[in-house]
Structure formats: C-alpha cells, structure tokens
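Taking it in order: structure first as structure tokens, then the write-up.
Letters A, B, ... are given to chains in the order of the sequence lines, protein chains preceding strands, and every chain is numbered from 1.
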Amino acid sequence: MKARLFPLLMILVLVVSGCGGKDKASDVDPGALATEILEQVKFDANLVPIAPEAVENWYFLSDTVTEYAIYINGDVVPAEELAVLKCKSADDVAQLEAILDQRLDNLKTAFENYQPMELTKINNPVRVTKDNVAVLVLTDDPDAQKTVEQLLK
Amino acid sequence: MRVRKKRPRRGNAFLKGLLVLLLTAGVSFGGATLWQRFQESNSAGSQTDTVRYSIGPSSPDLPSDGESSQPETPEDSLSQMPSTSSFEAEPSALPGDANFSSSQEEVPDTITGEFSVEGQVAVSDKVDNSYFDDAIFFGDSISTGITAYNIANNTACVAAIGVSPNTALSTPYIPTREGGKVTVLEAAKAYGQRSKVYIMLGGNGLWQDKDGFIADYQKFLDAVKTQYPGAVIYIQSMTPVARGVEAKYPSVTHQKVMEYNAAIARLAKDNKLPFVNVFEALCDAEGYLPEGVSADGLHLSAEYYFKWFDYLKSHTK
C-alpha cells in the first residue's frame, strides 16, 4: 500500500511545486516589439505614437491593458496602423482582442464611404496573439503576418 | 526463549523520504515565486498595476528646433509633453519634443495678404497655447490631426473622418466606449461648456451645391450657438489643397476650395462671427499646399499643424 502511495505522492508534490507563480505571461515589451515591427514591416505612412491622453480618440483601453504601444497615421490616408496591447495574463487576452475588434469596426465605418479602397487593409488585418500580448497591424505588406509571428515567437 | 527481534519499520524510511521531498518542493516553489516577483518588480517599476506607455522610434515628419515656424522656447510650445502621472513613459519624441530632429526639406514661405479675405480676423498680439485651454475644435479628418500629432493636448477636439456640413448634425461619427456612436455635438458635451469654439468644415461637402452647403453649415452653426451660448465661435477656412488632389479626391479641387471658402467667409460675416483665414497661413504663392507637405494632397503633415496653430495664436478676437 505504502509502495503504491509513495509514487502518487511524489507526482502530487512535483505538480504542486511546478505550479508556483502566476499564469503563463510573456515578457514582451510592447514598445520594443512595436519598434521592431515598424522596422521590419513595410508601411507607406509615417506612423506616429498616440499620446496617452489622446488614446481614447482611437482605442478604448480597459483596465485589463497593462502596457501598450499604438501608432497611427496622422495623415489619415492610408489607413495604416500598429497596436500592441499587453495584459496581465493569457486569461485576459480575449479582452485585448475585443478592443482591437472594436477599433477595426470603427475604421470600417469611417472609411467605407470615405476612401473605400482602404477597406482592403482594414478587412485583412494582421492579427497575432501570443500568451498575454495581442497585435494588430494594418499594412499592404504581404509578408507582415509572417514577420509579426516571427517576432512574437 | 526465543527473542523476537523487532524489525526496523520500513514506514519510518518512507516518511522520512516524503518529508525530504516535501521540504525540497516547498523550497523550490517558494524560491521560484520570490525570483519571479523580484524580476517583475525590477522590470516594470514600482507601479505594476499601472498602464505602461511604451514608445518606439521618433516621427521623422516633425519639425526641428531651428525652424522659424516653431515656437522659440519649449515653454512657448503649443504641444506639451504628455502627462506621465498615470502612465510610465520612456523618453519620447512626440510632436513638440525639443530633442526631435527633422529630415524634411525646407518648406517655402507662405504669402500673407495674397489670399486674404475681407473681414477676416486681423493679426493680433500672439497668445500662448493656454489660450486654447477652454476651446473646443470641431472638424473632419483634417482636424483629427490636432490630436494625432499632439498639437494642443490642452484643448478639446471632436473631429472625425467624413464630417461635413450636411452630416455634422445627423450622422453619429464619434465612437463610444459602449460600442455605439454619437454626433460630434453630442460627444462634445463630455467637455462641458467652452469659451471658444473653432469650426473647420467643408472638405467633405464640396460635392454639394454651394447654396445647400451654406444652408447646412448655417444649421450646424445654429446648433453650436445653442450648445455654447456666449462662446466666441471662430469659423475657420478650409485648408489649401495640393496640385492634382482631385486625382485622389474627385470632388476636391483648388478652385472649389477657394470658392467655398469665400462663401464660408460670407456666412461668418452674416452671423457676425470671426472668420479665421487659415488658408493663407498654409498655402504657397499660388494658393496651393506646397509639394511634400501632404501625402495625399489634402491632409497635412505635422509641421503644418504647427503653422496652423501659430496662425490661430496670432489671429484672435
């Protein structure tokens, strides 16, 4: 009986000790990742960072977002953009994606009667999510999806 | 008599082994947790629960310190550095940053007087950016640049792609956090009463006949007057457009902008409201947006927003 119990107890101990700490969380720095994306993905526009007090004009960030880096095209056209959002843990990442979905919906509405040709980018966004980080890129660069996935590996 | 020796209890060894295992696991677990927390507190700073604003490379369209169109001292700068009271920000190169350097070619001087409009607001003593503390700007996609380029983060700006005189009152352009949209005037209520209102509309309405355009603009003006009784309401001209802009925006031509600006100036005069001729601050000798200052011939580069606001600061009522 004891012989059978001992291995089970060992397994229990190992499982408990392995569960130390928080949920799996990436140590990605949104600012650094955004810099790399800006360097490696082709954009026609000069994207500019949004100031914190202005971000709500473009993105409705919730308390779930712990860090972010967002770049927009101040010239409006072309509809290029970059957003890297981070939350505490992978459990919350669906909320980040909802924020990005909302932004895309607003962009579609804004451009459909304004510059409909920009809808190609907006309807085919680069979306990459890993652990607690969600990325949105709007660009005509056909390799952007692969590039961002590589950067987030 | 046979003495039966007591056999050593195997259970003792088992318990000892288990105890050692548990102790080892506990030490490992505690150590890992402490290490993780130590790393987190070092990398994220002391405010681990605060949103951290991460910034990347600088924006190459921004003006350098030496240019005459720029404020002379950082204190006089329209654009203030974003507040970091609730965000952790790395050193940035946002518009107005004194450390920023420009890679743009020199922009030709604009001509004042050539495109003046009778009755426009005359040159006045230059005010500083605090003049816009109690102002609100309404406009279309061109005005969104005020916020995008952080030109005047002390002011309110309610603008959106597509806003035009015939839609400003009826179309909900401004997204809300709850997922809906509201009109610009509805969205503006969040900023409370303002003492100065700046309006710049027209670029999205040039397809309309002039009479209809002006009639709709009047309706918007009436609504603004109702919402901001007692405020100084500045009617701004449309901004100039580049040569060939109609290739991208078929209803937008240089000639139409000039004609409709004249009509807007008359509207301002009829309403006894100040007309601010931003057009003359931004155009070249022939009334066009100079080459290289607009990616699409219509929207402005960051530098031209500074020119725009410099003009506003020296043309107040």
Side-chain angles (χ1 to χ4, degrees), chain A residues 2-3 5-6 9-10 13-14 16-22 27 29-39 44-58 60-63 65-69 71-78 84 86 102 105-106 109-111 113-115, chain B residues 10-11 14 17-18 21-22 24-26 28-30 32-33 36 43-44 48-57 59-61 82-84 86-87 89-90 92 94-95 141-142 144-145 147-150 153 157 160-162 173 175-177 179 181 204 248 294-296 298-302:
Chain A
K2 286 171 188 169
L5 200 57
F6 187 69
L9 282 171
M10 274 190 65
V13 162
L14 286 168
V16 166
S17 63
C19 286
K22 296 181 180 179
D27 57 0
D29 177 343
L33 177 60
T35 302
E36 287 186 282
I37 292 173
L38 287 168
E39 285 170 359
D44 291 327
N46 263 330
L47 301 188
V48 296
I50 301 184
E53 57 271 26
V55 72
E56 194 142 305
N57 288 282
W58 284 271
F60 293 112
L61 303 183
S62 63
D63 293 339
V65 179
T66 54
E67 293 177 62
Y68 66 88
Y71 286 75
I72 57 163
N73 179 13
D75 289 358
V76 181
V77 179
V84 181
K86 186 175 178 181
Q102 188 182 31
D105 282 342
N106 292 335
T109 312
F111 277 91
N113 294 319
Y114 184 67
Q115 287 280 300
Chain B
R10 286 182 194 157
F14 170 76
L18 183 60
L21 260 174
L22 284 171
T24 309
S28 304
F29 173 80
T33 307
Q36 194 170 16
S43 64
T48 52
D49 291 330
T50 311
V51 176
R52 183 173 175 216
Y53 173 47
S54 306
I55 315 174
S59 255
D61 273 342
S83 163
T84 56
S86 57
F87 295 87
E90 296 165 19
S92 76
L94 291 172
S141 57
I142 289 180
T144 63
T147 313
Y149 289 122
N150 202 26
N153 63 5
C157 181
I161 292 170
Y173 284 104
T176 65
R177 183 173 277 276
K181 288 189 174 64
N204 295 308
K248 203 167 176 98
S294 173
D296 63 356
L298 180 66
H299 296 95
L300 309 174
S301 64

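No side-chain donor from either of A/Thr109 and B/Tyr173 sits under 3.5 Å from a side-chain acceptor of the other. Judged purely by distance below 3.5 Å, without hydrogens or angles, the side chains of A/Tyr71 and A/Asn46 never pair a donor atom with an acceptor atom.
Heavy atoms closer than 4.5 Å to chain A are found in both the backbone and the side chain of B/Lys248. Contact annotation for A/Asn106: both backbone and side-chain heavy atoms come within less than 4.5 Å of a heavy atom of chain B. Looking at B/Leu298, only its side chain comes within 4.5 Å of chain A, counting heavy atoms on both sides. Residue A/Glu36: no heavy atom, backbone or side chain, is found under 4.5 Å from chain B.
A/Thr66 places a side-chain N or O within donor-acceptor distance of the main-chain N or O of A/Lys86, the cut-off being under 3.5 Å. A distance-only check finds a donor-acceptor pair linking the side chain of B/Ser294 to the backbone of B/His299 [under 3.5 Å].
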